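Worth saying up front: this structure is predicted, and the values here are computed from it rather than measured. Positions are given from 1 along the sequence.
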Amino acid sequence: MATLYVRNLPDDLYAKLQELAVSQHRSINAQVITLLEQALTNEAQQTEEQRRQNVPKLLEEMGDRRRLNPADFGLLDSTELIREDRDR
């Protein structure tokens, strides 16, 4: 298991952490682990939430895109190639 050291932790922040740990009946170490887990879980949920919000926007953009025609690029139409191959 990894060990994490925090340098230059402000005294007032440590005091708040200690108060929270006491009120939750946890050690400071257990409280820090709990807070980190909650923060990382919230971050992952927000990221997933943002992805879900982007889906309608992406679908709209996809619908707005003009369908590419191979002839626009000087390429042969695959439908004609398939038909030609079948007619052999």
Connected via hydrophobic side-chain network under 4.5 Å: Leu35 and Val32
yes
Taking only distance into account, with no hydrogens and no angle test, what donor-acceptor pairs under 3.5 Å do side-chain atoms of residues 81-88 form with protein atoms, sequence neighbours excluded?
none

Going by the rule side chain to side chain contact (heavy atoms under 4.5 Å, CB included), which residues pair with Gln24 if we only count those two or more places apart in sequence or in a different chain?
Leu20, Arg26, Gln31
Search all heavy atoms of Ala21 against all heavy atoms of Ser27 and return the closest pair with its distance.
CB-O, 3.8 Å
Which hydrophobic side chains are connected to Leu40, either touching it within the sub-4.5 Å cutoff or through other members that do?
none
Atom pair CD1 (Ile33) and CD1 (Ile28), whose distance is rounded to the nearest 0.5 Å
12.5 Å
Output a table of donor-acceptor pairs, distance under 3.5 Å, between side-chain atoms of residues 10-17 and any protein atom two or more places apart or on a different chain; print 'none' if there are none.
none

